[in-house]
Amino acid sequence: MAKMNWEKLLSTKRLGQELLHSSRKDDRSEFQRDYDRLVFSAPFRRLQNKTQVFPLPGSIFVHNRLTHSIEVASVGRSLGSEVAHKLIEIHPELANTHLSEIGAIVAAACLAHDMGNPPFGHSGETAIGTYFSERDGLILKNQLSPAEWEDVTHYEGNANAFRLLTHQFVGRRPGGFVMTYSTLASIVKYPFESSLSGKKQKFGFFQSEKEDYLKIAQELGILQLSYPGEPLRFARHPLVYLVEAADDICYEIMDLEDAHKLKLINTEETKQLMMGFFDENRKNHILETCSFVTDINEQIVYLRSCVIGCLIHECVKTFIANEEAILNGTFKGSLIQHINETPRKAYQLCMEKSFKDIYSAKDVIDIELAGFKVISTLIELFTDAVMNPNKAYSQLLIKRVSQQYEINADTSYGKIMAVLDYISGMTDVFALDLYHKINGNSLPIV
């Protein structure tokens with residue numbers, strides 16, 4: 001049976017600089033440079049004004065995409081470092097390879113995992129996809145290939161993150177962010193084309209970046225699961241499982257803490273959900289420690305840290321136990337789905353609670369409704385503008401678009417993707433402000 005190889009999977013080769021050999025004198029590893037490059041980028045900074053779950057903070061601070069991504073990167077580094085340590089114990093012959101740097105690779109990939117998300121999160125994704133599948137965008141279907149049509153009707157933030165990091169926008173260098181192959185492969189959670197996205201509407205790369213992913217996958221020896229003539233489908237790069245686990249841990253447990261702060265869940269229920277991750281001995285130790293903390297919010301913070309530590313330990317154990325299946329592409333599902341029964345059932349209860357009382361909360365739904373309307377309107381107006389650039393109103397709208405976006409592309413697909421690049425890069429506040437101005441509800445203050 002074909003199997004992926006750690007030495008090949010971990011590469012410092014950079015997209016766009018394949019023929020260059022760095023002579024840079026720098027104590028940082030190539031993967032640490034990936035991390036730093038992301039931290040200092042404009043798309044990463046813009047995450048501070050993109051909704052995670054709850055409305056952006058008023059008097060009570062809750063997570064936005066930026067704080068979420070930083071926390072995911074922290075958990076990802078812990079997961080990767082522990083996995084690296086255990087893998088080197090199992091494979092001492094790999095001690096002098098890049099295996100020891102898995103923590104840095106996973107941290108960088110975690111930092112980038114949400115950078116392609118449009119304003120207003122999943123509501124923004126849905127607004128984009130349904131504009132083409134259900135509304136006025138349907139008239140453009142005959143101008144795109146079937147594969148291109150699948151891209152826009154199933155628009156996906158994960159695929160857009162890969163595009164953002166790899167695409168050569170106008171005036172920028174080849175290779176986008178010029179990231180290492182291994183970091184780029186580690187963010188592609190769904191390594192297949194949009195035509196294979198299924199009911200979950202998830203996929204890993206647009207047609208415009210298909211060749212880039214193919215090149216990366218072939219260089220790293222990622223297993224191809226599709227036959228010639230079929231839509232591309234690959235096994236996951238093994239580190240994707242760690243990036244996914246870090247995200248799963250953070251969004252579920254941190255959303256619980258935020259919901260407690262916002263009084264969507266009471267203290268007793270929050271404690272009960274978090275204590276469910278532990279056996280009786282561990283529960284007694286945690287309760288004893290908690291008794292020294294009088295502030296309720298600090299008690300929840302302590303419990304949350306214990307839960308995250310538990311889940312990191314469980315996911316590392318699961319990854320190591322299933323290394324063979326992960327490397328030969330037969331491992332199914334996420335790491336969280338395979339951890340021990342007690343924490344797995346506790347995590348499931350947290351998910352059920354989140355869907356029932358958090359993600360369906362009135363304020364969350366209101367943000368989704370508003371976001372859907374804002375993004376739908378912007379998509380409609382700017383798509384019409386780039387497809388009909390000779391109209392007077394189109395010319396005004398086009399002047400509003402930054403020159404880095406290829407709105408004068410040679411193909412309809414290229415023009416549409418330029419509009420999606422522009423809109424997906426907006427923050428929630430920028431999108432809302434532009435929406436108000438276009439609708440004449442506000443004017444610039446002079």
Look at the side chain of Tyr347 and the backbone N and O of Leu311, then say whether any donor-acceptor pair between them is shorter than 3.5 Å.
-> no

Atom pair CD1 (Ile308) and SG (Cys250), whose distance is rounded to the nearest 0.5 Å | 5.5 Å

On the ring face of Tyr241, is Arg236 found with NZ or CZ under 6.0 Å from the centre and within 45° of the axis?
-> yes

For the pair Glu101 and Ser29, evaluate side chain to side chain donor-acceptor pair (under 3.5 Å) and give the outcome as yes or no after the intermediate values.
-> CA-CA 8 Å; Glu101 297 181 74; Ser29 74; 2.9 Å; yes

Validation row, ring centre His285 to ring centre Phe278 under 6.0 Å = no

Are any of the side-chain heavy atoms of Leu79 and Ile102 separated by less than 4.5 Å?
-> no

Would you call the rings of Phe205 and Tyr213 parallel, tilted or perpendicular, where under 30° means parallel and over 60° means perpendicular?
-> parallel

Side chains of Val307 and Ile249: closer than 4.5 Å at any heavy-atom pair?
-> no

For Glu193 and Gln207, does a side-chain donor sit closer than 3.5 Å to a side-chain acceptor?
-> yes

Taking atom types as modelled, find out whether Glu125 and His122 have a side-chain donor-acceptor pair closer than 3.5 angstrom.
-> yes

Please say whether more than 12 non-hydrogen atoms of neighbouring residues, nucleotides or ligands are located less than 6.0 Å from NE2 in His91.
-> yes

Between Asp212 and Arg163, is there a side-chain N and carboxylate O pair less than 4.0 Å apart?
-> no

Candidate pair Leu434 and Phe382, rule side chain to side chain contact (heavy atoms under 4.5 Å, CB included), full reasoning | CA-CA 12 Å; Leu434 183 58; Phe382 281 97; 4.0 Å; yes

To the nearest 0.5 Å, how far apart are CD in Glu257 and OG in Ser305?
-> 9.5 Å

Minimum heavy-atom distance between Pro343 and Cys310, given as atom pair plus value = CB-SG, 4.2 Å

Evaluate the side-chain proximity of Thr153 to Lys141: yes if any heavy-atom separation is below 4.5 Å, no if none is.
-> no

Expected output: side-chain Asn64 to main-chain Leu66 donor-acceptor under 3.5 Å | yes

Ala107 and Ala73: which non-hydrogen atoms are nearest, and at how many Å?
-> O-CB, 3.5 Å

Would you check if the side chain of Thr383 reaches a backbone N or O of Glu380 as a donor-acceptor pair within less than 3.5 Å?
-> no

Any Met4 side-chain heavy atom under 4.5 Å of Leu220 side chain = no

Ser226 and Phe192, any side-chain heavy atoms less than 4.5 Å apart | no

Quick one: do the Asn328 and Thr330 side chains pair a donor with an acceptor below 3.5 Å?
-> yes

Measure the spacing between NZ of Lys3 and CG of Leu327 and express it to the nearest 0.5 Å.
-> 5.5 Å

Looking at Val188 and Val240, what are the two nearest heavy atoms and their distance?
-> O-CG2, 3.5 Å

Heavy-atom donor-acceptor pair, Ser182 side chain to Leu9 backbone, under 3.5 Å = yes

Met115 pairs by side chain to side chain contact (heavy atoms under 4.5 Å, CB included) with which of Leu165, Asn160, Ile187?
-> Leu165

Side-chain H-bond candidate by donor/acceptor type, His113 with Asp247, under 3.5 Å | yes

Any Asp114 side-chain heavy atom under 4.5 Å of Tyr251 side chain = no

Which heavy-atom pair separates Phe44 from Leu38 by the least distance, and what is that distance?
-> CB-O, 3.1 Å

Does a side-chain N-to-carboxylate-O contact under 4.0 Å join Glu314 and Arg344?
-> no

Rounded to the nearest 0.5 Å, what's the gap from NZ on Lys373 to CG on Leu378? Could you check?
-> 10.5 Å

For the residue pair Ile416 and Phe132, establish whether any side-chain heavy-atom pair is separated by less than 4.5 Å.
-> yes

Sequence neighbours excluded, every pair satisfying salt bridge (Lys or Arg N to Asp or Glu O under 4.0 Å) that has a member inside residues 262-273 = Glu269-Lys353

pair Asn158-Phe203: side-chain heavy atoms closer than 4.5 Å = no

Measure from the side-chain N and O atoms of Glu219 to the backbone N and O of Ile216, and report whether any donor-acceptor pair falls under 3.5 Å.
-> no

Nearest 0.5 Å, what's the CG-CG distance between Leu164 and Asn117?
-> 10.5 Å

If you draw a 6.0 Å radius around CG in Asp279, do more than 12 non-hydrogen atoms from other residues or ligands fall strictly inside?
-> yes

Using a strict 4.0 Å threshold on nitrogen-to-oxygen distance, state whether Glu352 and Lys356 make a salt bridge.
-> no

Consider only side-chain N and O atoms of Asp34 and Thr180, and report whether a donor and an acceptor are under 3.5 Å apart.
-> yes

Could you give the distance from CZ (Arg65) to CD1 (Ile70), rounded to the nearest 0.5 Å?
-> 14.0 Å

Heavy-atom closest pair, residues Tyr155 and Gly116 | OH-O, 4.4 Å

For the pair Lys13 and Glu30, find out whether any cationic side-chain nitrogen is under 4.0 Å from an anionic carboxylate oxygen.
-> no

Glu156-Ser194 side chain donor-acceptor pair, cut-off 3.5 Å | no

Tell me, please, which residues at least two apart from Thr427 pass side chain to side chain contact (heavy atoms under 4.5 Å, CB included).
-> Arg46, Asn49, Val429, Phe430

Evaluate the side chain to side chain contact (heavy atoms under 4.5 Å, CB included) criterion for residues Cys315 and Ile339: first the C-alpha distance (whole Å), next the side-chain angles of each, then the deciding distance (0.1 Å), finally the verdict.
-> CA-CA 6 Å; Cys315 287; Ile339 62 177; 4.2 Å; yes

Heavy atoms of Val72 and Ala246 approach each other most closely as O-CB, 3.5 Å

Taking atom NZ of Lys202 as the centre, does the number of heavy atoms from other residues, nucleotides or ligands within less than 6.0 Å exceed 12?
-> yes

Report the residues that fulfil side chain to side chain contact (heavy atoms under 4.5 Å, CB included) with Glu7, sequence neighbours left out, ordered by chain and then residue number.
-> Asn5, Leu94, Thr97

Do Ser81 side-chain atoms and Ser78 backbone N/O form a donor-acceptor pair below 3.5 Å?
-> no

